[in-house]
There are 2 protein chains.
Amino acid sequence: MKTADPELMRAINRFTVLDTIRRHGPISRVEISERSQLSTTTVSAITGSLLDDGLILTRHEGDIRNAAARGRPRVMLELNPDAARVVGAKIAANHMVFVVSNFCGEVISTLSLPIRVNRQPIGVIADLVEDGIRRCVVDAGLGLQEISTVCIGFPGVVEHRTGRVRSSPIVSEPDIDFAREMTDRLNVATIVESDAHAITLAHHWFGKGRDLDDMVLVSLEHSLGLGVLHGGQLFRGAGGLSHNLGDLMMGIGLPETVRLSALAGEAAILGEQTQQGRFADAVRLGRGMALAETLIAAEDNALIVAATRAGEAVGIAVANIVTLFGPPRVIIVGSSLSLGELFLKTLSDSYRSAIPSSIREIAELVFDPSPDEMWAQGAAVVALCELYESPWGTTGPAPAPQPASG
Amino acid sequence: MKTADPELMRAINRFTVLDTIRRHGPISRVEISERSQLSTTTVSAITGSLLDDGLILTRHEGDIRNAAARGRPRVMLELNPDAARVVGAKIAANHMVFVVSNFCGEVISTLSLPIRVNRQPIGVIADLVEDGIRRCVVDAGLGLQEISTVCIGFPGVVEHRTGRVRSSPIVSEPDIDFAREMTDRLNVATIVESDAHAITLAHHWFGKGRDLDDMVLVSLEHSLGLGVLHGGQLFRGAGGLSHNLGDLMMGIGLPETVRLSALAGEAAILGEQTQQGRFADAVRLGRGMALAETLIAAEDNALIVAATRAGEAVGIAVANIVTLFGPPRVIIVGSSLSLGELFLKTLSDSYRSAIPSSIREIAELVFDPSPDEMWAQGAAVVALCELYESPWGTTGPAPAPQPASG
DNA sequence: CTATTTTGTCCGGATACCGAATATAATACA
DNA sequence: TGTATTATATTCGGTATCCGGACAAAATAG
């Protein structure tokens, strides 16, 4: 249990001010004071400190409130984009995306590698990731020593606090300390996070969850993930473990145990033929689902059945999640959305029939294609959140292993 | 977003000290300082204030650390049991239990009413609850004006923040403002909470969750509830709604939508005959499950099938909850435990086969009969928590409608 | 060019935490 | 019995924080 001292107090208020500036663009001190309920005196003191530290900038224009405004004009404050740079990465079965972002979370450079890392030994994956990060940083015109933090979004179950990958569909070995591995390789503090958590924060900062501090995100990719935002913070399970939706048990009374991943995972939808069959090339290019959509349009029966089954299963799973968390919005993202209208409609219908009537109106479903770059950007946001040093890490304290000095 | 000022700081530390005293019995100031990471100076100041307010007491004996202890003896501090009294209640389909507790949460008086309130109009239920509370308070040798807060644990979906009963198996009308109703009747601040949340806190304070700040509780009664403790606090869904496990969808590929309540609810287990059939009297007495156990022992086939089906379903549901929340312990309580060994074993086996292997070791299952009085005691704990004024109410701020003055 | 208005900063007061010194209340021992 | 020792609790001084009110600053209105 954290003890409250003046230092913590300041940290909290400092974060509040910084976050307010981040969210509400160029903003004056008075407005910060109004929004944060802090006195103008305190806001001045804190913004002064932030200016000293170079985290924010002043701008003497852009006071839009009224052209004919009396009185001393407001000085607008905004994040200093160059206050720090971070790297975000998304590792998926058949591609990797890297992003260098500035302090605002804006993307400076991007690198997309359509490489299949599926089931490669961890050393090979680490090699590829290291190369990608170095390349992307160079593309941004920077050196690695100018990067504050790296965050890598991984599919599967990831333990944020320790940076361990507990289980992932793209890694054969279990329980990898990937954060330590990459920290040692890059000599930059590296954190590892669930890809679903990354895209959740991306939507909170830039996407369809900007207006909400409570929401749930379901990611439908090669593996199925979940992100829960609670009070503006990621809700990580006890122990900081990420969730793995694919492990949810669907169905009772069936002869065998059936998990969601067996109904709505990529392999389940595209069939057993992803390795050698007609989908092999498309999957390798990350276009498996798009191809599937065209085939569905051409009335490919097996795929229609698979997509329908998957939509039904996900709809039910989402209904159960809404029953448990009661969020006002559920954002559904991931490559499986490319399956097209049939899948989405089946999912929505299934959700509607599965959601209990008493909470029918609570949550709205929102679909978003969320390009791969946004996932990597989300990882960058995770890194930035560590920099912002949110003091009320209710769930997991700052992990970021320090790079070995020397 | 809450602004941090010295007042909040003090509130946080004050709560920390008070909670430490509550948890660790008679305890000296030095030990509080060690446990809370606060300086002895601060602890002295805060305990002085608590003593002034009459919330704690000193005791000059019981320093057990060493019989031959040098130096000034420690003065032990403990909660003042008489600092406040609260009422806790559990309302169930076929009985009500009331409890008056002191400031420590210890039960002063109990009243159990084996009355079936199922489907009665809300006015009738309110009458019965009011009478029960008044009676129980009198039994404790107190007057209603000596009661600080009342908390009523209700089955079903309850909105803690507003005290509204959204849907409950024992109420026919939807969306009842029961907190307002009882506050007006009793002229005592009354809060309404999910019964599952109440028993969760009871286990955290006195039962099988004393040692953990993160855990999950599943209640199997007439309706199926869930309580999630996260960081020592109840995790209430966005909007402060309680969860309703019975609404979980089990099964896909079945011809119809099947919810958990249809597999493991009381009616589902005992069959359609609870109203007039062989169970009528037993259910009325709250012994339906116990009777079922004896019948199962006598190899009643229908019941064996029902109990097995229920156990399987609950096991799967618990596995899914563990997948989502990752708690170190799951406490399972409720009248359905009386079904006996067959049910428990089926449940455990089902859970074990349903839990993903990657997190198999994370959670332990614990069964607890949890007598009805403990549920009411839990409701009293909810009330006490409000009194302790936990300042970091992450999920729902203090609701307690003030009684109409006059 | 002055009055007005709004914004931002400085000053004094209150509060809280903490470390060090001091007071307190017991035992150990000559 | 009286003094030294020891561990606990309180007091004192220092520092950091927030806040309200007075003051300085920078624009427009007339």
Side-chain angles (χ1 to χ4, degrees), chain A residues 1-17 20-21 26-52 56-78 391, chain B residues 1-18 20-21 26-52 56-77 391:
Chain A
M1 199 166 293
K2 229 172 186 162
T3 156
D5 51 12
E7 196 179 339
L8 175 69
M9 204 160 87
R10 184 59 153 218
I12 291 174
N13 289 336
R14 199 180 143 103
F15 174 78
T16 301
V17 169
T20 304
I21 295 173
I27 184 177
S28 65
R29 291 177 175 82
V30 257
E31 202 181 336
I32 295 172
S33 168
E34 285 162 9
R35 284 187 184 275
S36 65
Q37 311 274 25
L38 291 165
S39 71
T40 62
T41 307
T42 304
V43 171
S44 259
I46 291 175
T47 54
S49 155
L50 293 173
L51 283 166
D52 285 346
I56 61 175
L57 299 174
T58 61
R59 187 200 277 183
H60 289 270
E61 57 206 40
D63 181 0
I64 328 264
R65 84 210 125 112
N66 199 340
R70 305 283 300 269
R72 179 176 176 174
R74 303 179 169 182
V75 175
M76 307 307 271
L77 302 170
E78 60 189 351
Chain B
M1 201 167 293
K2 230 175 185 160
T3 157
D5 52 12
E7 196 179 339
L8 175 68
M9 204 161 87
R10 184 59 152 211
I12 290 175
N13 289 337
R14 200 179 141 103
F15 173 78
T16 301
V17 169
L18 191 56
T20 304
I21 295 173
I27 184 176
S28 66
R29 292 177 175 83
V30 258
E31 201 180 338
I32 296 173
S33 168
E34 284 162 11
R35 285 187 184 274
S36 65
Q37 310 274 25
L38 292 165
S39 72
T40 62
T41 307
T42 304
V43 170
S44 258
I46 290 176
T47 52
S49 155
L50 292 173
L51 282 166
D52 285 346
I56 60 174
L57 299 174
T58 61
R59 187 201 280 184
H60 290 269
E61 57 205 43
D63 180 1
I64 328 262
R65 87 211 122 112
N66 199 341
R70 306 282 300 268
R72 178 174 175 174
R74 303 178 169 182
V75 176
M76 308 307 272
L77 302 170

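To find a chain, count down the sequence lines: A is the first, B the second, and so on, and within it residues start at 1. Being a predicted model, the structure only gives us computed values, none of them experimental.
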J.: Tell me if the side-chain of A:Thr41 makes a donor-acceptor pair with the base of D:dG20, cut-off 3.5 Å, by modelled atom types.
T.: yes

J.: Does A:Asn13 put a side-chain nitrogen or oxygen below 4.0 Å from OP1 or OP2 of D:dT17?
T.: no

J.: When you measure from the side-chain N and O atoms of B:Thr42 to the phosphate of C:dC18, is any distance below 4.0 Å, counting only OP1 and OP2?
T.: yes

J.: Which is more 5' along DNA chain D, the nucleotide nearest B:Val30 or the one nearest A:Thr40? Just name the residue.
T.: B:Val30

J.: Report yes if some heavy atom in the side chain of A:Thr40 is under 4.5 Å from a heavy atom in the side chain of A:Arg29; otherwise report no.
T.: no

J.: For a quick test of reading the model: is some side-chain N or O of A:Ser44 closer than 4.0 Å to OP1 or OP2 of C:dT9?
T.: yes

J.: Roughly how far, to the nearest 0.5 Å, is the CD1 atom of A:Ile46 from the OG1 atom of A:Thr41?
T.: 11.0 Å

J.: Supply the atom-to-atom distance A:Ile12 CD1 to A:Leu8 CG, rounded to the nearest 0.5 angstrom.
T.: 4.0 Å

J.: Taking 4.0 Å as the cut-off, does a side-chain nitrogen or oxygen of B:Arg10 come that near to OP1 or OP2 on C:dC17?
T.: yes

J.: Mind checking A:Val43 for me? I need base, sugar-phosphate or nothing, with any heavy atom below 4.0 Å counting as a touch.
T.: nothing

J.: Quick one: is C:dT7 close enough that its OP1 or OP2 comes under 4.0 Å of any side-chain N or O from A:Arg74?
T.: yes

J.: Please evaluate the base of D:dT8 for a donor-acceptor partner in the side chain of B:Arg72 within a cut-off of under 3.5 Å?
T.: yes

J.: Remember a base hit wins even if backbone is also touched, and classify B:Ala4 as base, sugar-phosphate or nothing at under 4.0 Å, heavy atoms.
T.: sugar-phosphate

